[in-house]
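Contents: one structure, followed by commentary.
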Amino acid sequence: MKKTDSMDEEIEELNNRIKARNQKMADNKELQNAIIAYSKNGDDPEIRKKAKEVFNKVPGGKLPKMADLRREYGELIETNRPDFQQYVQLRKERKNYLIARKNLELLLLREEAEKEENAKVQPSKSSRSETSL
């Protein structure tokens, strides 16, 4: 139990980091798309309105350069990759550990049941002596 509990904690921590980065990547991509749409179709009131909504989410109000956004996006992907690989590996190890533990529990239960069955089938010495009297 302690082994799976520690694995669960590590899996949860990795999952939270991955989710946070994924959210940053989604926000980054949304901003990139808004900048591109605004620069190509800035005269369309609907596109301008949607882009302004995205722009208003930017902390500090100053839009970053596209090059900076793309660089940040690439860095987020590169940082996420090893965490995701570790997350997948830990989940696989945890699953295998749980399967092995369940198999061991089943074997122990079967062994215990066989012992109980054998005890019922073979009468004890005291019960034989009572029947012969």
Side-chain angles (χ1 to χ4, degrees):
M1 292 295 261
K2 288 181 183 180
K3 178 77 171 168
T4 55
D5 288 346
S6 68
M7 287 175 137
D8 287 342
E9 290 172 11
E10 192 171 355
I11 288 169
E12 185 67 25
E13 181 183 322
L14 284 168
N15 190 32
N16 289 337
R17 286 195 319 237
I18 291 167
K19 282 182 180 179
R21 279 193 214 103
N22 285 344
Q23 184 60 51
K24 284 181 183 179
M25 289 189 312
D27 294 343
N28 180 304
K29 194 52 107 173
E30 180 184 38
L31 184 55
Q32 285 186 48
N33 290 336
I35 291 170
I36 292 168
Y38 187 82
S39 68
K40 288 184 179 180
N41 305 300
D43 54 337
D44 183 335
E46 186 64 31
I47 291 176
R48 187 173 30 238
K49 180 182 174 189
K50 288 180 182 177
K52 292 274 186 183
E53 289 173 2
V54 174
F55 297 160
N56 288 336
K57 295 178 188 176
V58 176
K62 184 179 179 194
L63 293 178
K65 295 179 181 180
M66 282 296 286
D68 293 337
L69 288 171
R70 288 183 176 138
R71 180 187 44 75
E72 178 188 27
Y73 191 84
E75 288 171 358
L76 288 167
I77 288 173
E78 288 303 313
T79 306
N80 230 14
R81 188 170 287 134
D83 279 353
F84 186 73
Q85 290 171 344
Q86 185 180 4
Y87 171 81
V88 169
Q89 182 63 32
L90 271 173
R91 284 189 49 113
K92 183 178 177 182
E93 287 175 16
R94 182 183 178 277
K95 181 181 176 184
N96 289 338
Y97 182 81
L98 290 173
I99 289 170
R101 189 174 81 188
K102 186 67 174 176
N103 287 339
L104 182 60
E105 288 172 359
L106 290 172
L107 284 172
L108 291 172
L109 284 173
R110 181 184 297 163
E111 198 174 272
E112 187 66 32
E114 287 176 2
K115 284 180 183 178
E116 288 177 13
E117 191 63 33
N118 287 339
K120 289 178 186 176
V121 172
Q122 295 176 355
S124 65
K125 292 181 181 179
S126 62
S127 63
R128 272 194 248 152
S129 61
E130 290 175 7
T131 55
S132 62
L133 288 176

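Only heavy atoms go into these numbers, but all of them, side chains included; no hydrogens, no water, no symmetry mates.
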**Study point:** Atom of E46, atom of D44 and distance for their closest heavy-atom approach
**Key:** N-OD1, 3.0 Å
Practice item. Inspect the contact between E53 and K50 and indicate whether a charged nitrogen and a carboxylate oxygen are less than 4.0 angstrom apart. Key: no
Check your understanding: Considering only heavy atoms from C-beta outward, does the side chain of R81 approach that of E78 to under 4.5 Å?
Key -> yes
Exercise for review: Starting from the C-alpha separation in whole Å, work towards a yes-or-no answer on side chain to side chain donor-acceptor pair (under 3.5 Å) for Q32 and N28.
Suggested key: CA-CA 6 Å; Q32 285 186 48; N28 180 304; 2.5 Å; yes
Review point. What heavy-atom pair brings I18 and Y87 nearest, and what distance separates the two atoms?
Key: CD1-CB, 3.9 Å
Review point. Is the number of heavy atoms from other residues, nucleotides or ligands under 6.0 Å of F84 CZ greater than 12?
Key: no
Review point. How long is the gap from CZ on R91 to CZ on R94, to the nearest 0.5 Å?
Key: 7.5 Å
Review point. Rounded to the nearest 0.5 Å, what separation is found between the CD1 atom of I36 and the CG atom of N41?
Key: 11.5 Å
Review point. Would you say the side-chain atoms of Q23 and D27 include a donor-acceptor pair closer than 3.5 Å?
Key: yes
Check your understanding: Side chains of E72 and L76: does their closest heavy-atom pair fall under 4.5 Å?
Key -> yes
Exercise for review: Go through the steps to decide whether K92 and N96 satisfy the test side chain to side chain contact (heavy atoms under 4.5 Å, CB included), and finish with yes or no.
Suggested key: CA-CA 6 Å; K92 183 178 177 182; N96 289 338; 4.0 Å; yes
Study note, to complete from the structure: Result for side-chain hydrogen bond (donor to acceptor under 3.5 Å, both in side chains) between N80 and one of E75, R21, R17 points to R21
Review point. Under 3.5 Å, side chain of D83 to main-chain N/O of L14, donor-acceptor pair present?
Key: no
Check your understanding: Heavy-atom distance under 4.5 Å between the side chains of L31 and L63, does that happen here?
Key -> yes
Exercise for review: Can you establish whether the number of heavy atoms outside R71 located under 6.0 Å from its atom CZ is more than 12?
Suggested key: yes
Check your understanding: Mind checking whether F55 and M66 sit in one hydrophobic cluster, side chains of I, L, V, M, F, W, Y counted as touching below 4.5 Å?
Key -> yes
**Study point:** Heavy-atom closest contact (I35 atom, P64 atom, distance)
**Key:** CD1-O, 4.1 Å
Practice item. Check step by step if side chain to side chain donor-acceptor pair (under 3.5 Å) holds for Q85 and Q89. Key: CA-CA 6 Å; Q85 290 171 344; Q89 182 63 32; over 6 Å; no
Practice item. Verify the cluster assignment for Y38 and V58: are they in a single hydrophobic cluster under the rule of side-chain heavy atoms below 4.5 Å apart? Key: yes
Check your understanding: Nearest heavy-atom pair of A51 and A34: which atoms, and what distance?
Key -> CB-O, 3.9 Å
Exercise for review: Would you check if K40 and I47 make a side-chain contact, meaning some heavy-atom pair closer than 4.5 Å?
Suggested key: no
Practice item. Please check if the side chain of N56 supplies one atom and the backbone of K52 the other of a donor-acceptor pair under 3.5 Å. Key: yes
Check your understanding: Between CD of E10 and CD of E13, what distance do you get to the nearest 0.5 Å?
Key -> 7.0 Å
Check your understanding: Same hydrophobic cluster for I11 and V88, using side-chain heavy-atom links shorter than 4.5 Å among ILVMFWY?
Key -> yes
Practice item. Any chance you could measure L108, atom CG, to N103, atom CG, to the nearest 0.5 Å? Key: 11.0 Å
Point to revise | Between CG on residue N15 and CG on residue N22, distance to nearest 0.5 Å | key: 9.0 Å
